[in-house]
Amino acid sequence: MKLSEQSRTSPLVWATPLIGIILFILAMGAFFYTLHTEDQDQAQLRTIHDVELARQTIRTRLLAIQDRLMQISHNLEQDTPPTQNFQRYADALLNDAPEVSSVLLIDSERVAHQVTLPKNRVVEDFHKTDRSVEDAESYWAFNAARDSKTPVFSRPSLSSDNTVYIEIHAPWFIHNVFEGTVVATIPLNALLRDAVPPSFTQLYQVKIVDGGGNTIASNTSRSIDNAKLSHEVPLDPPGYGLKLRAVLYRTSTELFSNMLAWTVIGLSLVIVWSFVLLFRHAKLRTNAERRLLAETKFRRAMENSVVTGMRAIDMQGRITYVNPAFCKMTGFRESELVGMLPPFPYWPERSYQNQQFNLDLILAGQAPSQGIEVQVKRRDGSLFDARMYVSPLIDSDGNQSGWMTSMTDITEPRRIRDELAAAHRRFVRILEELDAAVCVHTPDMTEGQYIFANRLHRDWFAQASPPKVFKNSKNRPSQFEPFEWLNPVSLRWFEVRRRAISWVDGATVTMQVATDISSRKEAENLSSQQQEKLQFTSRLITLGELASSLAHEINQPLAAIANYNMGCINRLRSNKVTPEELLPVLEKTNVQAQRAGDVIRRIREFVKQQEPKRSDCRIGKIIEDAVGFSRLDARHQAATIEIEPFDPSLQVMADPVLIEQVLMNLIKNGIEAMHALDSQDKQIRISVLASGKIATVMVQDRGQGIPEDIKSRLFESFFTTKSDGMGMGLNICRTIIEYHQGQLWVESAPEGGSVFKFTLPLAELSVRSMQTEPIMEKPNV
Ligand code: ADP
């Protein structure tokens, strides 16, 4: 809160020193401006005064030289001859006035008679003194002096060595006759140098400028542009618009004030810079504080929101901090806990020693990293289980200031964990007690490594386990198709089922459940053996049934044989027989004996047969044989058996003897069903229909038909409506047909009676040569 207020008022806080600094700089500026202006004014006044003084000095000097020249011209008038002392006068003048570079005596014809040059004069000051050379200014001054009879200053003139000079012409007369002029040549530079006092030239640049403002003489070659601090006055003599100008060099006061100003500016800049630095620093600090505040608030919010109780203790074990979750857990207020030394009020009385031991461990820095489980007492006295984790508290200097403990209520997790463990135990127990071998393994595991395997799996498959990939009936490797497997070690049969499942870690694993099916296998074997036995029995029954009907058939050849035999005996006894007569009789006897033998062999084969032997065989042949066997019975009952014509080459995949039995049984039943009819109506009709890959054989009678209510029960074992019936015939027939992958069913014939139909698979040869035939409707059995 405080921080945010500070950050809100900070603009004002910073505005005050900023305004102060600005005001200070403005005041200093104004002060220095005033100081400078005043300084300038004073300097200006001083310049005016000094220039005036310099002009006076120059004027005085020039007038003095003029006076000296007039004095010389006067002396010349007195002397005889006039020029005898000129040299002396001239030397005296040159000696007194160093600015004079030469003194000449010019006659009225402007011829210089005597030229006096100063002694010890430096060469630069020497200038041309030959007055015979035409010099307009000199000439003008000469004439003016002659005419005015007073000394005349010439206009400035440029000498050959670029020195500007002036001349003073003083006329001299003898008895009022103009004799010429006495001339003093004064280079203006020398005039400035010698006439102006050095103290003045130190402060000012002194120049003589002409009417056009051009500098014609100066005490220095340096140019100073200080128009404000300069002053000029007319220089008369020599006049002619010449002016004396003085420009003030920088004065020491100005320098001083400048230095002061720069110092003040420098200091101000330093102040401004330090202010900027301070501002930046403060800004950084404010930002840091703001971040700290945000961080603190975030941490506070986090601490308040966490459900984990937090407690800090100092190195002596005194509580220095508890978070709201800790207070909520224990029921004590923060103010009650903070500052407290052990024993703490949330310690259950009976575990004081244990708690103290734990605290000592914590303070010694030996708290286990996996946490400590303790019991905690709430304010209301109730207890709960908690787990505490401890970590050292390090202050900003890197020193340890105490220990932070986090505490979680583990009552509920522990209950869930216990329940889970119990559930797991139950689950494992169930799996262990399961009468199936269950295991889980990764799809690519090596033999014998399982993620899980129950007891039975371990017991059963310790030495040999089912192959990981099993070849199915089509000899293709299959992983998830159930298969039956014989354990080569225990010689027990197992049904093995596999499924891909998602394991607890999300990986796809394979679960295998193997059930011991040895007893089922045994039962199946037993049942198949029983079935075989039953078939055998049925065949015996059929045989029994057939035996009576076949007796006639066998009797017939036997009777014939006996008759033929008797005939032969009688003939032989009467000795009236030739061997040629006997031979055909004996051949007939042989045929009859063979026929009887065939019947007996067939019956024996049928009874002996254990396993059905399927092979490609012509259905026509089977039907003919069956009808051949049944014909005796038919004849007995005065019934006829008719075979409808069909493709004689049609072959089926079947055991011919068994199919013969089926046909014989169906024919027998058909004949029996027609027992009440007149003999011309007693007709059995056998037909064959081939379609697709199957052949359908139909045995139709003209009997009374089968009532609907018993239709479904016909094929049950021991179902019969006959007083002497066994009720096994149809049942065995269906078994035989189903063994051939066919079906046997009954329909009502449209013209009365029943039609029993069965299907058989066509032999490969017949399937290929099959013409397109109307497709039989699938029976709804
Ligand atoms: P069984 O002939 O010893 O009775 P089957 O299993 O051969 O035993 O026949 C069972 C019953 O089916 C017969 O008792 C008879 O009632 C009935 N049955 C069989 N064939 C026919 C048929 N062609 N017409 C009418 N009923 C028949």
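Values below: all heavy atoms of this structure, side chains included; hydrogens, waters and symmetry mates excluded. Start at 1 and go down the list; that is how both ligands and their atoms are numbered.
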Looking at F719, I'd like to know if the NZ or CZ of R713 sits under 6.0 Å from its six-membered ring centre while staying within 45 degrees of the ring's axis.
no
So for T720 against ligand 1, with non-hydrogen atoms under 4.0 Å, the contacting part is both
Q.
For ligand 1, which is the ligand I care about here, please tell me if L714 has any N or O atom under 3.5 Å from one of the ligand's N or O atoms.
A. no
The single option from R685, E747, E751 that satisfies side chain to side chain donor-acceptor pair (under 3.5 Å) with Q700 is E751
Decide whether the shortest distance between a heavy atom of F756 and an atom of ligand 1 is less than 4.0 Å. yes
Note: T721, heavy atoms under 4.0 Å from ligand 1, region reported as both
In ligand 1, the atoms that come under 4.0 Å of a heavy atom of F719 are 10 (C), 11 (C)
A student comparing I671, L666, I706 should find that the heavy atom closest to atom 27 (C) of ligand 1 comes from I706
Do ligand 1 and Q704 have nitrogen or oxygen atoms that lie under 3.5 Å from each other?
no
ask   = Are any of the heavy atoms in G670 under 4.0 Å away from ligand 1?
value = yes
Nearest non-hydrogen contact to atom 9 (O) of ligand 1 from the set N665, N669, D701 belongs to N669
Compute the centroid of each ring, for F758 and then for W745, and state whether the two points are separated by less than 6.0 Å. no
Enumerate, atom names and distances included, each donor-acceptor pair closer than 3.5 Å involving a side-chain atom of residues 701-712, sequence neighbours excluded.
residue: D701; atom: OD1; partner: G703; partner atom: N; Å: 2.8
residue: D701; atom: OD1; partner: S754; partner atom: N; Å: 3.3
residue: R702; atom: NH2; partner: Q683; partner atom: OE1; Å: 3.1
residue: E708; atom: OE2; partner: K711; partner atom: NZ; Å: 3.2
residue: K711; atom: NZ; partner: S748; partner atom: OG; Å: 3.2

*Is N487 reaching over with its side chain to a backbone N or O of R492, donor-acceptor style, under 3.5 angstrom?*
no
Separation between OG1 (T640) and CE (M674), nearest 0.5 Å, reads 7.0 Å
* Asked: Hey, mind stepping through H441 and F452 against ring pair (Phe, Tyr, Trp, His ring centres under 6.0 Å) and telling me if it holds?
  -> CA-CA 7 Å; H441 61 80; F452 172 81; over 10 Å; no
